[in-house]
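Report on the structure given below.
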Amino acid sequence: MAQRARPLSPFLHYRWQYTNTLSILHRITGVLLSLGYLVLVYWLAAVAAGAERYRAAMDTLSSPLAQLVLLGAAFSFCYHLLNGVRHLFFDLGHGFERGTARASGWAVAIGALLLGVILWFAVRAGLGGAA
Amino acid sequence: MSLRSPLRRVTGHGSAKGGVAHWYAQRVSAVALVLLGLWLVVSLATLGGASHARVVQWLSSPIASALAVLLVLTAAYHALLGLQVVVEDYVADKGTRVGVLLAIKFALAVAAVIGVLAVLRIAFGVAA
């Protein structure tokens, strides 16, 4: 006799869709920004340590690997900021309609990609080509 | 009058326990960080090819150093609240969880103190 189908735990049968993608990205970018916070503190400490140490720190930060990390940080900043504001509107009870939530989700994703690259270039330029 | 049973009170297992304060603090610090974060990136982007002297000049103005201290403290607090939720959600073993949370708290406290001291050194003209 065939066993009766039992209900499965939610994570076993929920469809992967934009809502949980945006949600997990918010967490991932938040964790990345916590690491970016350490870079900010490192930079501030370098400024406080004098011109020579600052130049050395800026050399470190302009290596290709560091620049890639900073590009990730710039995207994370924009994503977490935009999606964070989106969630603040959710908290106030706005934007839950299916169409609105989907549109704001797309706006956050595309906006973060565009603004992230712009931010990376802008900070590089602002700090003398060495972000 | 509390609707919780005496047993619930003893064991401390309510529906949400003290979660509201954490939830609210996360939002308050988020709103502050929207403003402080935008201030930081706009400032960095408009430094105009910054030499060390230019960065020091910018950060030593009273408003910039005040905002920088606020940013360093608020960001550490917001990061602590956020990382705590992530760790509590994904680290099942209680001993590991407590250890990781302690490590995160200590690391963020050290980073925040270094950041604040750095800004103060710049603000008070100690930075060469």
Side-chain angles (χ1 to χ4, degrees), chain A residues 23-24 26-58 70 73-74 76-78 80-92 115-116 118-131, chain B residues 23-24 26-31 33-34 37-38 40-56 58-60 68-69 71-72 75-76 78-83 85-87 89-90 104 107-108 110-124 126-128:
Chain A
S23 170
I24 195 66
H26 196 72
R27 288 198 157 190
I28 292 171
T29 52
V31 172
L32 291 177
L33 283 172
S34 306
L35 299 173
Y37 176 73
L38 301 181
V39 177
L40 174 68
V41 168
Y42 166 73
W43 184 78
L44 286 172
V47 176
E52 210 164 300
R53 298 278 288 280
Y54 177 73
R55 211 171 305 117
M58 290 304 274
L70 290 176
S76 298
F77 178 88
C78 294
H80 205 80
L81 178 74
L82 291 174
N83 202 45
V85 170
R86 178 169 174 260
H87 271 274
L88 287 174
F89 276 99
F90 285 162
D91 292 336
L92 294 171
L115 291 176
I118 292 172
L119 176 62
W120 180 68
F121 271 112
V123 171
R124 264 172 70 93
L127 291 180
Chain B
W23 183 91
Y24 192 65
Q26 184 89 74
R27 268 79 190 161
V28 172
S29 54
V31 174
L33 281 175
V34 170
L38 286 176
L40 176 74
V41 296
V42 169
S43 300
L44 290 181
T46 52
L47 274 172
S51 61
H52 180 256
R54 178 78 187 85
V55 177
V56 169
W58 161 60
L59 261 181
S60 55
V69 169
L71 173 66
V72 167
H78 188 78
L80 174 64
L81 295 171
L83 290 174
V85 174
V86 173
V87 170
D89 278 357
Y90 301 128
I104 288 173
L108 282 172
V110 169
V113 168
I114 293 174
V116 169
L117 283 179
V119 175
L120 293 183
R121 283 171 65 90
I122 299 161
F124 296 141
V126 187

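Chain letters run A, B, ... following the sequence lines, proteins first and then strands; every chain starts at 1.
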Below 4.5 Å from any heavy atom of chain A, which atoms of [X] appear? Answer side chain, backbone, both or neither.
X	value
V34(B)	both
L80(B)	neither
A53(B)	neither
L120(B)	neither

Who among [options] has the most heavy-atom pairs with chain A under 4.5 Å?
options	answer
G115(B), A30(B), A111(B)	A111(B)
L47(B), L117(B), L44(B)	L44(B)
L38(B), V72(B), V119(B)	V72(B)
I114(B), V55(B), L33(B), T46(B)	V55(B)
G82(B), A107(B), A76(B), S51(B)	A76(B)

Checklist entry - Minimum heavy-atom separation for A112(B) to Y37(A), with atom names? => result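 Smallest heavy-atom distance, with atoms named: CA-OH, 3.4 Å.
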Checklist entry - Which atom names give the shortest non-hydrogen contact between L81(B) and S29(B), and what distance separates them? => result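 That closest heavy-atom pairing would be CD1-OG, 4.2 Å.
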Checklist entry - What part of L38(A) lies closer than 4.5 angstrom to a heavy atom of chain B: side chain, backbone, both or neither? => result side chain
Next on the checklist: Once you measure the plane-to-plane angle for H80(A) and H78(B), does it fall in the parallel (<30°), tilted (30-60°) or perpendicular (>60°) bin?
Outcome noted: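 Plane angle over 60°, so perpendicular.
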